[in-house]
Amino acid sequence: MTSVAPEHASPSPHDPMTLSPASQAPVWDDAANERERRRARVRKVASRGVLYVTATFFALFAALPFAWMVLTVFKTNTDLYNPNQNPFLYNEPPTLANITYLFENTEYATFVRNTLIVSVLVVIVTLIGAVPAAYSLSRLAGKWGEGLGIAIFLVYLVPPTLLFIPLSRVVAELGIRNTWWAMVVVYPTFTIPFCTWLLMGFFKSIPRDIEEQAMIDGYSRLEAIWRTVLPVSIPGLLTVVVFSFALTMHEFVYALAFVTSSDQKTISIGVTTELIRGDVFFWQSLMAAAALVAIPMALLYNVFLDRFISGFTLGAVKG
Amino acid sequence: MAVVEVRDLSKRFDGVNAVDGIDLASTDGEFLVLLGPSGCGKTTLLRMIGGLEPPTEGDILIGGRVVTDLPPRARQIAMVFQSYALYPHMTVYNNIAFPLKAAKLPRAEQEKRVQWAAGILGIDGLLQRKPRQLSGGQRQRVALARALVREPTVFLLDEPLSNLDAQRRASARDELQGFQRRVGTTTIYVTHDQVEAMGMGDRIAVMDQGRIRQVGTPHEIYDDPADTFVATFLGSPPMNLVPADGGRELLGFRPEHFVPWKAAMGDEWIRFPYHVHRTEYLGAERLLYGEIGEASAVARFPANADIAVEIGSTSDFAVRRADLKRFHPETGLRLDRPGNGRRA
């Protein structure tokens with residue numbers, strides 16, 4: 001009989017498994033290690049360099065059209081149309097005449113006003129439609145939610161160049177032809193599906209526990225959504241606002257199809273229909289019209305960039 | 001303070017009975033633990049009591065009032081989720097005050113109550129922080145303060161300790177039980193951890209496959225299990241089960257009751273030939289792994305016990321008759337337990 005007390009004796013030194021032949025002993029080679037370190041340093045510097053070169057290239061690539069646009073705004077006709085001059089320099093003194101022309105000879109201010117009204121209304125309609133839809137699809141419908149969400153997103157993929165034909169009938173029946181109301185009615189047909197899909201991903205990422213806790217804490221489901229789910233999904237809601245705003249601002253086909261009076265036009269069709277007359281392009285004024293809205297939008301995007309990206313990737317991964 | 005009672009409560013998900021006809025009643029001020037493996041229906045039962053899940057059949061009563069069709073907000077309960085479900089966009093203060101805002105209490109009263117609850121849980125200094133700036137233990141205390149602040153009639157706790165690390169868990173058990181004793185509110189506590197159940201529960205309801213297998217004090221559950229499921233779910237290592245009487249019954253005994261036979265042992269001991277194949281030293285105790293016939297059996301001793309057994313050999317071990325439980329080999333039910341049934 002032997003004791004079952006644990007054996008503390010270490011393995012025998014004569015155990016063949018624990019012996020290692022001298023030839024396999026590791027060799028400490030200082031020179032080789034130094035070479036390794038040098039190589040690692042070089043690799044680090046090189047990869048940094050490649051990163052900066054690439055980033056600089058793409059930054060220039062993205063900024064060049066903007067720069068050229070802004071440059072063109074202040075050029076005189078004789079400067080712009082002379083092919084022998086460097087187009088990126090002012091060969092004649094810059095002028096404000098093109099901007100003055102834009103405001104005095106077109107209804108640019110009206111276009112901007114119409115665009116803002118339409119955009120704000122579309123954003124509101126989109127939120128009213130997309131938030132409840134996305135919430136219920138992500139929470140209540142179970143397996144159906146996923147399928148319906150994809151189906152709704154597919155609607156977004158039907159091109160406006162086809163849809164404007166049946167929609168023109170809708171606009172006519174509603175008696176809003178040739179008014180900016182037509183756009184307020186039509187634009188949500190593409191903003192709501194996309195934003196619903198985007199918000200679904202967002203709502204799914206919010207744990208159910210939080211709203212259930214709110215319901216336990218004494219609130220109804222609607223109050224729980226209002227006080228917990230919506231505040232937590234502000235990045236998603238912001239994405240929806242910015243996105244539907246941008247979609248509305250640059251929409252062209254529906255606006256062109258449904259509106260012909262100058263005083264009802266938005267920027268996207270207003271400037272292109274009124275500053276291209278026959279084969280004459282008022283390039284500098286066109287560029288001025290574009291720059292005046294593009295630059296504020298770009299700044300706005302920048303402010304919300306981080307939240308915007310997180311909103312998008314959440315939708316992409318979990319939607 | 002109130003009694004919680006469920007009557008013939010069932011919940012079916014896609015034709016599967018998650019909770020299958022449960023009858024259970026707490027006593028007033030009791031710490032009642034629902035214990036069972038994952039998927040046994042314990043969380044579903046808790047969620048039905050809380051009103052987050054509508055039952056398929058049956059009734060729920062809180063304080064003698066039928067609340068089956070009432071929304072959660074009308075049930076005067078507080079719940080702590082496994083995740084703590086703190087509102088990430090609010091400060092600790094606003095988290096705790098949230099149920100009071102729902103009750104539309106005056107601001108001064110809200111402040112007084114938040115300070116009171118925060119004081120009880122020792123989180124006065126954290127009131128202006130956001131949940132993400134808190135440690136796991138602090139979050140748990142905020143969740144408890146939020147549960148406490150509205151002075152509910154019942155606490156529902158869903159595995160509140162499972163997000164804590166092992167070291168912190170022991171002290172959290174102590175705090176949680178002390179807290180419940182102080183406030184004296186009826187508490188229903190869901191866990192899959194037998195140590196939590198044994199350590200904190202006044203009574204334990206052991207659940208499996210949507211049914212309650214046994215309800216009793218930790219002593220009753222451990223020493224007098226109603227069936228083989230309860231016998232093997234509690235205890236680590238679990239109760240040994242050895243076929244006897246030509247396979248007509250199973251004999252059950254705890255590893256700590258299984259000791260080497262000595263000639264001096266009298267009639268009240270039963271002998272088994274025990275083949276030991278492995279031993280395990282665990283610091284405070286030592287385990288022997290082996291077989292009685294075909295059935296595997298474990299013996300447990302304090303590490304300092306002087307036990308001499310040769311590994312790979314067969315020797316005689318014995319169990320006191322009083323420590324033997326007899327089970328039916330097919331149904332698993334106890335044969336020697338008076339009044340044994342499936343009652344809850």
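The chains referred to below are lettered A, B, ... by the order of the sequence lines, with proteins before strands, and numbering in each begins at 1.
With chain B as partner, the option from Glu223(A), Arg208(A), Arg227(A) having the largest number of non-hydrogen pairs under 4.5 angstrom is Arg227(A). Contact count against chain A (heavy-atom pairs under 4.5 Å) is highest for Ala85(B) among Ser313(B), Ala85(B), Ala303(B).
Residue contact with chain A, scored on non-hydrogen atoms closer than 4.5 Å, involves the backbone of Ala78(B) exclusively. Residue Ala224(A): no heavy atom, backbone or side chain, is found under 4.5 Å from chain B.
Not a single donor-acceptor pair under 3.5 Å links the side chain of Gln213(A) to the backbone N or O of Leu86(B). One N or O on the side chain of Tyr219(A) and one on the backbone of Phe98(B) form a donor-acceptor pair closer than 3.5 Å. Using a distance-only test at 3.5 Å, with no hydrogens or angles considered, no donor-acceptor pair links the side chain of Tyr87(B) to the main chain of Val232(A).
Side-chain contact check for Ser83(B) versus Ile210(A): every heavy-atom pair is 4.5 Å or farther apart. Arg73(B) has its side chain within reach of Ser220(A): a pair of non-hydrogen atoms, C-beta onward, lies under 4.5 Å apart.
Distance check: Leu100(B) CG to Asp217(A) CG gives 9.0 Å after rounding to the nearest 0.5 Å. The line from CZ of Arg150(B) to CD1 of Ile216(A) is 8.0 Å long, rounded to the nearest 0.5 Å.
Shown here for Ala102(B) and Gly218(A), the closest heavy-atom pair between the two residues is CB-O, 3.6 Å.
Counting heavy-atom neighbours within 6.0 Å of Asp306(B) CG, excluding the residue itself, gives a total of 12 or less. In this structure, Arg278(B) places its CZ atom where more than 12 heavy-atom neighbours from other residues, nucleotides or ligands lie under 6.0 Å away. The environment of Trp226(A) atom CH2 is sparse: at most 12 non-hydrogen atoms of other residues, nucleotides or ligands sit within 6.0 angstrom.
Under the side-chain contact (heavy atoms from CB on, under 4.5 Å) criterion, Asn94(B) pairs with Met90(B), Thr91(B), Lys101(B), sequence neighbours left out.
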(request) Please assess Arg47(B) against Glu212(A) for the test side-chain contact (heavy atoms from CB on, under 4.5 Å), listing each intermediate value before the final yes or no. (result) CA-CA 10 Å; Arg47(B) 288 170 58 84; Glu212(A) 290 185 339; 2.7 Å; yes

